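Heads up, the thing below is written out as structure tokens.
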Amino acid sequence: MALDNAPSWQPLLAQEFEKPYMVELKAFLKQRKEQHVTIYPHSSNWFHALEATPLDNVRVVIIGQDPYHQPGQAHGLCFSVKPGVKVPPSLVNIYKELHSDLGLVPPKHGYLESWARQGVLMLNAVLTVEDSNANAHQGKGWEQFTDRVIHLVNEQCDHVVFILWGSYAQKKGAFIDQSKHLVLKSPHPSPLSAHRGFFGTRPFSQANEWLQAQGREPVQWQLPEQVEELAEE
């Protein structure tokens, strides 16, 4: 468990791996593996959000809760699934809002890697889960680690848009300094809550308008239809 492939984050987060909560978390994950429990995503993707989006490149932060817990879905970015996997219901609704907000035609896949590579930090609060067992690793320590990640963005970066969908994300981002960052809040895009006010919030255009007003590049929210090149790199 290390951040060797995330050099911009590694020096600032290295000490977290020595703290008691992380030592306990590592022991818990090792024990579950020894008990032949299937953990998602693969360990090589636990920190993929940080690897795909360097700290000095962060423009937008989207906070999720828990990785997808069915085979072949999770790869370390919240709301995103691997190429070839059916687009999950929450992401279907995100695509609907993207279409009504910016007129963009959603791709047939749910692979959001191109957003991450443009500076959209797509961070789940909990970075692992067990097969067919949602929230299995809540309260084991990941939340403390990802809180530290969000604190680093809040402290080290200027003019970042935080998109907080749902009460869980909003509580996790409650400390964000709104004098230098933009915080966009709405209900979660899940089918259980999207109709309570998620649709029509226009987070994508709002984010880009604010970024440009701060002199920052907007995000190209249009996802590529072909994902093979991104997936193979």
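Because only heavy atoms are used, hydrogens play no part in the values below, and waters and symmetry mates are left out as well, while side chains stay in. The structure displayed is predicted, hence computed values, not measured ones.
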(request) Compute whether any side-chain donor of one residue and acceptor of the other, for Asn135 and Gln138, lie under 3.5 angstrom apart. (result) yes

(message) Suppose clustering is done on Ile, Leu, Val, Met, Phe, Trp and Tyr with side-chain heavy atoms closer than 4.5 Å. Which residues sit in the same group as Tyr40?
(response) Val129

(request) Count the heavy atoms of every other residue, nucleotide or ligand shown that sit under 6.0 Å from CD of Gln222, and state whether that count exceeds 12. (result) yes

(request) Could you tell me the separation between the CE atom of Met122 and the OG1 atom of Thr53, rounded to the nearest 0.5 Å? (result) 8.5 Å

(request) Find out whether Val219 and Leu211 are in side-chain contact, i.e. whether some heavy atom of one side chain is under 4.5 Å from a heavy atom of the other. (result) yes

(request) Determine, using the 4.5 Å side-chain heavy-atom cutoff (strictly less than), whether Leu112 and Trp165 are members of one ILVMFWY cluster. (result) yes

(message) Ring centroids only, cut at 6.0 angstrom: are Tyr95 and His99 within range, meaning strictly under it?
(response) no

(message) Do Val149 and Leu121 have side chains that approach each other closer than 4.5 Å (heavy atoms only, starting at C-beta)?
(response) yes

(request) Could you grab the distance from atom OH of Tyr21 to atom CZ of Arg148, nearest 0.5 Å is fine? (result) 9.0 Å

(request) Identify the heavy atoms of Leu55 and Ser8 that sit nearest to each other, and give their distance. (result) N-OG, 2.9 Å

(request) Following the transitive rule for hydrophobic clusters with a side-chain heavy-atom cut-off under 4.5 Å over Ile, Leu, Val, Met, Phe, Trp and Tyr, establish whether Val60 and Phe175 coincide in one cluster. (result) no

(request) Decide if the gap between the ring center of Trp9 and the ring center of Phe47 is smaller than 6.0 angstrom. (result) no

(request) Would you give the length of the straight line joining atom CG of Asn93 to atom CG of Leu98, rounded to the nearest 0.5 angstrom? (result) 12.5 Å

(request) May I ask you to test the Pro189-Phe79 pair for a side-chain heavy-atom distance under 4.5 Å? (result) yes

(message) Are Leu123 and Cys78 packed together at the side-chain level, in the sense that at least one heavy-atom pair is separated by less than 4.5 angstrom?
(response) no

(request) Could you state whether Val58 and Phe204 fall into the same hydrophobic cluster, counting links through intermediate Ile, Leu, Val, Met, Phe, Trp or Tyr residues with side-chain heavy atoms under 4.5 angstrom apart? (result) no

(request) Sorted by first residue and then second, give each ring pair (Phe, Tyr, Trp, His ring centres under 6.0 Å) pair with at least one member in residues 55-77; sequence neighbours left out. (result) His48-His75, His75-Tyr111

(request) Report whether Leu102 and Phe198 are members of the same hydrophobic cluster (ILVMFWY, side-chain heavy atoms less than 4.5 Å apart, transitive linking). (result) yes

(message) Between Arg32 and Glu130, does any side-chain N to carboxylate O distance fall below 4.0 Å?
(response) yes

(request) Starting at CD of Glu16, measure out to CG of Leu3 and round the result to the nearest 0.5 Å. (result) 10.0 Å

(request) Output all residues satisfying side-chain hydrogen bond (donor to acceptor under 3.5 Å, both in side chains) with Gln15, sequence neighbours left out; order by chain, then residue number. (result) none

(request) Return the minimal non-hydrogen interatomic distance between Thr201 and Gly197, and the atom names on each side. (result) CG2-O, 3.0 Å

(message) In the structure I gave you, are the side-chain heavy atoms of Val120 and Ile62 within less than 4.5 Å of one another anywhere?
(response) yes

(request) For the residue pair Leu164 and Ile63, establish whether any side-chain heavy-atom pair is separated by less than 4.5 Å. (result) yes

(message) Can you pull out every salt bridge (Lys or Arg N to Asp or Glu O under 4.0 Å) where at least one residue sits in residues 87-104? Sequence neighbours excluded, please.
(response) Asp101-Arg202

(message) So Asn124 and Trp142, do their side chains get closer than 4.5 Å, heavy atoms only?
(response) no

Side-chain donor/acceptor pairs under 3.5 Å, residues 180-188, sequence neighbours excluded:
residue, atom, partner, partner atom, Å
Lys180, NZ, Asn154, O, 2.9
Lys180, NZ, Glu155, O, 3.3
Lys180, NZ, Cys157, O, 3.3
His181, ND1, Val160, N, 3.2
His181, NE2, Asn154, O, 3.1
His188, ND1, Ser190, N, 2.9

(request) Evaluate whether atom NZ of Lys108 has more than 12 neighbouring non-hydrogen atoms of other residues, nucleotides or ligands under 6.0 angstrom away. (result) no

Per-pair distances, 0.1 Å, donor-acceptor, side chain in residues 22-31, under 3.5 Å, sequence neighbours excluded:
residue, atom, partner, partner atom, Å
Lys26, NZ, Phe17, O, 3.2
Lys30, NZ, Glu34, OE2, 2.8

(request) Evaluate the side-chain contact (heavy atoms from CB on, under 4.5 Å) criterion for residues Arg59 and Val161: first the C-alpha distance (whole Å), next the side-chain angles of each, then the deciding distance (0.1 Å), finally the verdict. (result) CA-CA 6 Å; Arg59 282 186 274 177; Val161 180; over 6 Å; no

(message) On a heavy-atom basis, which atom in Asp131 and which in Pro71 lie closest, and how many Å separate them?
(response) OD1-CD, 3.8 Å

(request) Carefully, step by step, assess His109 and Val87 under the rule side-chain contact (heavy atoms from CB on, under 4.5 Å). (result) CA-CA 6 Å; His109 61 82; Val87 179; 5.6 Å; no

(request) Please examine the side chains of Glu113 and Leu77, heavy atoms only from C-beta on, and report whether any two atoms are closer than 4.5 Å. (result) yes

(message) Restricting to non-hydrogen atoms, name the atom on Pro203 and the atom on Ile163 that form the minimum distance, rounded to 0.1 Å.
(response) CB-CD1, 4.3 Å

(message) Tell me whether Trp221 shares a hydrophobic cluster with Val92, the cluster being built from Ile, Leu, Val, Met, Phe, Trp, Tyr side chains joined at under 4.5 Å.
(response) yes

